[in-house]
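Here's the structure we're looking at; comments come further down.
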Amino acid sequence: MRVDIANALAETSPVGVPREALDRLDDRVATAHETIQNGREEDAFGYASLNLPETTDPDAIRAAVAPFADATAVLTVGIGGSALGAATLATALGDDTETYFLDNVDPAHLRSLLDELPLAETAVNVVSRSGTTAETLANFLVVREEMAAAGVDWTERTLVTTGPSGNLRDLAEEYDLPALDVPTGVPGRFSALSTVGLAVPAIAGVDIEGVLAGARSAAADMTGSLFETPAYAYGATLFALDRREASVAAMMPYAESLEPFAEWFAQLWAESLGKDGLGQTPVRALGATDQHSQLQLYRAGPLDKVVTLLRPTTGPDHPIPNADLDGLDYLGGNSLRELLDAEFEATEASLAKSGQPTVTVEIERVNSESLGALLFEMEAACILAGELYDVETFTQPAVEWGKERARQLLRGESAQASDRLVVE
Ligand SMILES: O=P(O)(O)OC[C@H]1O[C@](O)(CO)[C@@H](O)[C@@H]1O
């Protein structure tokens, strides 16, 4: 990725980072880089994520998904990191295989999805690192029952991706289901470049070898300086801006196919850095669409944000027909990509003019190599930011309380009723 941080500096924004502060921060980046490299060498928990471009075996993934090559639809049953990486790659790069991601427990949605799915030609990838996530297991129990009721042998159409133990591993062993192992030492949100994120894209015709190759080339270019390593420029700049009130990090890709990437980024940034009262609130936006919904706030609201404008610099295009309508002469003869690029550059300039910090991220095009590199670099950016915040980047202890409360409620164990102030 190519990262431009000029509009995040104090020269452009009243809440921007002074250049000398960035120079000082680069000393800390060098130290953090050492920690990260040592963590990679030791394959330490979390840091091992950055070794996936080398350690993930695409042949093993292809062998595991081979029985599902005839699938016309693929249903991923998984949530959070067990769905978002695969959704990012399959949505942006997949062929005409229909890919569906069941990452919520909404009965109405599940009903309409099951009514739509050609169950006999559907491959199901049930994914859970812990193997115990309630939403994933509940959804899978419903899906398998639905397949059985339709006379489809679900054991012939299910691939499991999970850890060494847990309900899902037990199920895989009991029914002798094909199973892929989640990589050890890799938290879910950092597992896009592993069995977790690559199995479904492999079924959907994605060049997973190209994805890993792109990530490897990004890994090879990392040095201990933010002025040389795009990932570190991104992570350090967002950290430095958060120190200056930019507590909201909006991710705004200018490509429909990259919308799931913004969702993936939101989990990565929130769940990794939201600790000890720290962390930036990620916001998912889409360019040019959200220019017509969010931009008013981004321009005229509080200077509490950094907006990442992300675009592929090349890609498919379509001419805009000439229209003999007054005032539309500026459209005819141009193309949709030229319009999108103009919108991108105009938004970048308009935010700079209003003093709202932005970072511009460009990839050459939406293809396997570029997306593999982008995922890897955003993970490295997040890990660096975690070092600078000095937080536990790779755990997410705060999510457990709610899970336990939900289990208590389902078991009928009376929960402490909280006082309410209901108006209806
Ligand atoms: O893969 P699992 O264990 O089902 O977890 C799914 C997601 O839930 C979380 O544990 C949060 O509850 C995420 O960290 C993870 O990506």
Side-chain angles (χ1 to χ4, degrees), residues 45-49 52 56 61 64 75-90 100-106 110 124-144 158-172 177 179-201 260-275 279 281-282 284 375 378-379 382-383 385-386 391-410:
F45 181 73
Y47 300 104
S49 315
L52 288 174
T56 296
I61 295 173
L75 174 65
T76 298
V77 183
I79 202 164
S82 287
L84 294 169
T88 295
L89 291 166
Y100 300 87
F101 295 88
L102 195 49
D103 64 351
N104 198 357
V105 276
D106 177 326
L110 180 55
V124 177
N125 185 198
V126 54
V127 190
S128 177
R129 184 173 186 278
S130 61
T132 60
T133 299
E135 297 89 341
T136 300
L137 294 175
N139 277 333
F140 180 64
L141 293 175
V142 173
V143 169
R144 91 170 175 170
T158 300
L159 168 69
V160 169
T161 306
T162 193
S165 61
N167 306 110
L168 215 42
R169 178 59 67 176
D170 300 343
L171 198 86
L177 303 174
L180 280 167
D181 302 333
V182 300
T184 47
V186 176
R189 58 187 173 278
F190 289 93
S191 65
L193 300 170
S194 78
T195 52
V196 174
L198 297 173
V200 166
F261 168 79
E263 251 186 281
W264 173 85
F265 174 85
Q267 182 199 16
L268 182 75
W269 219 250
E271 214 171 63
S272 303
L273 306 175
K275 303 192 172 126
T281 303
R284 292 137 47 182
L375 292 168
M378 282 299 171
E379 290 176 2
C382 183
I383 294 173
V391 294
E392 256 304 319
T393 306
F394 304 116
T395 57
Q396 58 290 327
V399 302
E400 297 310 321
W401 190 92
K403 291 181 185 179
E404 183 47 31
R405 171 54 66 89
R407 284 191 285 265
Q408 287 171 351
L409 290 169
L410 286 171

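Order of listing sets the numbers, starting from 1, for every ligand and every atom in it. Start at 1 with the first residue, then count along the sequence.
Side-chain contact check for Arg144 versus Leu171: some heavy-atom pair is nearer than 4.5 Å. In this structure, Ile61 and Thr56 have side chains that are in contact, with non-hydrogen atoms separated by less than 4.5 Å. Using a 4.5 Å cut-off on side-chain heavy atoms (C-beta onward), Phe140 and Leu102 make no contact. With contacts defined as side-chain heavy-atom distances shorter than 4.5 Å, the pair Leu89/Leu375 qualifies.
Across all their heavy atoms, Arg169 and Leu180 have their closest contact at NH2-O, 4.1 Å.
Taking only non-hydrogen atoms, the option from Glu271, Lys403, Gln396 nearest to atom 13 (C) of ligand 1 is Glu271. If you check each of Gly78, Ser130, Gly80 against atom 3 (O) of ligand 1, the one with the closest non-hydrogen atom is Ser130.
Between Gln267 and ligand 1, a contact under 3.5 Å exists for at least one N or O pair. For the pair Gly188 and ligand 1, the shortest N or O to N or O distance does not fall below 3.5 Å.
Proximity of Glu400 to ligand 1 is not established, as no heavy-atom distance is less than 4.0 Å.
Remark: minimum distance from atom 5 (O) of ligand 1 to any protein heavy atom is reached at Thr133 OG1, 3.5 Å. The protein heavy atom nearest to atom 16 (O) of ligand 1 is Gly81 N, 2.8 Å. The single protein non-hydrogen atom nearest to atom 6 (C) of ligand 1 is Ile79 O, 3.2 Å, given as residue, atom name and distance. The protein heavy atom nearest to atom 1 (O) of ligand 1 is Ser82 OG, 2.6 Å.
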